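Report on the structure given below.
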Amino acid sequence: MQYWEFFIEECGWMGVVLAALLIILFGIQVYCYAVRYVRLSKYRNSRRPMRLDSENPAVSVIVPLFGESIDFVETGLVRLLAQDYDSYEVVVVYAGRDNDFYDELSRMSESFPNLRAAKISIKPRYPISHKMAINVGIKAARNEHIILTTADSSPRTSRWLALMAKGFSRGEIVLGYCCTEQRDTLFGRLIRIDRMMQSAEWLAAAAERHPYRGHRCNVGFTKSLYFGVNGFGNLNLPLGEDDLFIRRIIGDDNVSIVLSPRATVVERNKGGLGQWMKRRRFYGSSRRLYPASVRSRLHLEPYSRLLFFATAAAAFVTMPIEYCAATALLIVVRYIIVATSVSKLAARLGEKGIIAAYPFYDIFGLLFDIITDIALLRKDPSVWRYTSIS
């Protein structure tokens, strides 16, 4: 009782309020990192019941290709065709005007029997969206099990397809991880951490049986689910095939998660910070169509982190030295928990060489989120137009 009276006398009711906020926000941070993300790092898909008699179903990999890309043909496509898996095909849907390029793709199928090419003719008045290209690929696919990827990404290993296909034995929807390419710069590491932590949020939700999205570079589903809902909805949007559509086909227990460095695809990171923020805004535009519960979940960790830092800063400015010392101790304990959890998550996802940059992401990641959320207050005009070929 005497200690409480001394605390009130020294710190006042403002000190009590700040202490309560610090403890609550610290608890939220501990829950996000020490519970949700650590649980994800220990996730095992084998705990889910088998749904298929075979762990090796025939799979069709759909790759939309807008325009001519020699890099895709020489790198990405080669890695797709070199997968260590017996029963699969790669369906490349070419949306472009270069007939010679398409003819070359078609000739490659003579050397690679599991390669198939489809073409969509480009007309100025009828631009083609990403979802339209995928729809053509799914209709052309011979197999029931579909995996989507992009021309800007490629498998990290030759075991990628085998592991993703095995996921279908545990569910009709398969979610995999997609990282960004490694760059030996601080900005490059921040981008990789940002991708990892964004993915950790929806992967953790899926592990908790509350899935709401996947990643367009590494997601699978069955044809039956696709045609059961008459294909993609929200056709006025040139995005949503990995979140809005996935939400439409999610059942009570039909989602399988594949977490392994060998089952990861690597996406090329085009441009610098400006391009990264534009892509963040573009693909974040579908969030306005998420349920309120999902939107609040997305904001829980970053904004509790922001408020925790802001409350700690207020305590440092207004409170006595003993109070500041206790606040500093709380910050140190939080960082130890965060660093430990992120290290385990990075090890599970095969993200190497990024932990040293995480203290910078603690701050810059908040800036990424704040700038993106402010930009999303106004509709992005490019979101409401179909993708077109210049």
Side-chain angles (χ1 to χ4, degrees), residues 21 24-25 28-29 31-33 36-37 127 129-131 150 152 178 180 187 190-206 210-217 219 232-248 250 267 269-314 358 360-388:
L21 284 174
I24 292 172
L25 294 169
I28 294 174
Q29 287 285 288
Y31 166 72
C32 289
Y33 286 93
R36 297 188 72 233
Y37 298 157
S129 73
H130 199 260
K131 288 189 286 191
T150 67
D152 291 328
C178 173
T180 59
F187 170 71
L190 291 177
I191 294 301
R192 289 173 59 202
I193 297 173
D194 190 52
R195 170 61 61 80
M196 182 179 75
M197 298 313 297
Q198 286 190 67
S199 300
E201 183 55 47
W202 55 263
L203 285 169
H210 300 293
Y212 62 90
R213 68 159 302 157
H215 195 281
R216 64 196 186 100
C217 296
V219 62
F232 296 120
N234 303 104
L235 295 179
N236 61 320
L237 292 173
L239 71 166
E241 65 273 14
D242 57 359
D243 52 8
L244 302 179
F245 169 70
I246 292 298
R247 283 195 53 79
R248 292 177 63 208
I250 285 172
E267 185 178 26
N269 182 25
K270 298 179 180 178
L273 178 60
Q275 286 295 109
W276 176 256
M277 295 306 297
K278 285 181 180 179
R279 288 197 294 274
R280 248 178 160 263
R281 181 190 180 190
F282 181 83
Y283 291 111
S285 297
S286 59
R287 292 180 189 174
R288 66 174 65 235
L289 301 177
Y290 289 5
S293 59
V294 175
R295 294 199 302 269
S296 61
R297 181 191 292 266
L298 286 172
H299 291 134
L300 180 64
E301 191 285 319
Y303 283 100
S304 66
R305 187 186 352 151
L306 174 63
L307 292 175
F308 178 78
F309 289 155
T311 305
Y358 197 85
F360 297 96
Y361 180 76
D362 240 8
I363 302 299
F364 288 107
L366 287 175
L367 294 178
F368 291 165
D369 288 327
I370 292 170
I371 293 172
T372 300
D373 286 344
I374 292 174
L376 288 174
L377 293 176
R378 186 169 60 90
K379 288 185 177 181
D380 184 350
S382 65
V383 170
W384 307 98
R385 295 197 304 266
Y386 283 140
T387 303
S388 60

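Owing to the predicted nature of the structure, the values given are computational and were not obtained by experimental measurement.
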Just by modelled atom types, is the [Y] backbone N or O under 3.5 Å from a matching donor or acceptor in the [X] side chain?
{"X": "Gln29", "Y": "Glu301", "answer": "yes"}
{"X": "Arg279", "Y": "Asn269", "answer": "no"}
{"X": "Arg280", "Y": "Phe368", "answer": "yes"}

What is the minimum heavy-atom distance between [X] and [Y], and which atoms define it?
{"X": "Leu244", "Y": "Ser286", "answer": "CD2-O, 3.9 Å"}
{"X": "Thr150", "Y": "Cys217", "answer": "OG1-SG, 3.4 Å"}
{"X": "Tyr212", "Y": "Arg247", "answer": "O-CG, 3.1 Å"}
{"X": "Asp369", "Y": "Pro302", "answer": "OD2-CB, 3.3 Å"}
{"X": "Cys178", "Y": "Glu267", "answer": "SG-CB, 3.7 Å"}
{"X": "Val219", "Y": "Arg216", "answer": "CG1-CA, 4.3 Å"}

Residue pair Tyr361 / Met197, side-chain heavy-atom distance below 4.5 Å: yes

Side chains of Tyr283 and His215 in contact at under 4.5 Å (non-hydrogen atoms): no

Partner set under side-chain contact (heavy atoms from CB on, under 4.5 Å) for Arg295, not counting sequence neighbours: Tyr290, Ala292

Arg195 and Thr180: side chain donor to acceptor below 3.5 Å: no

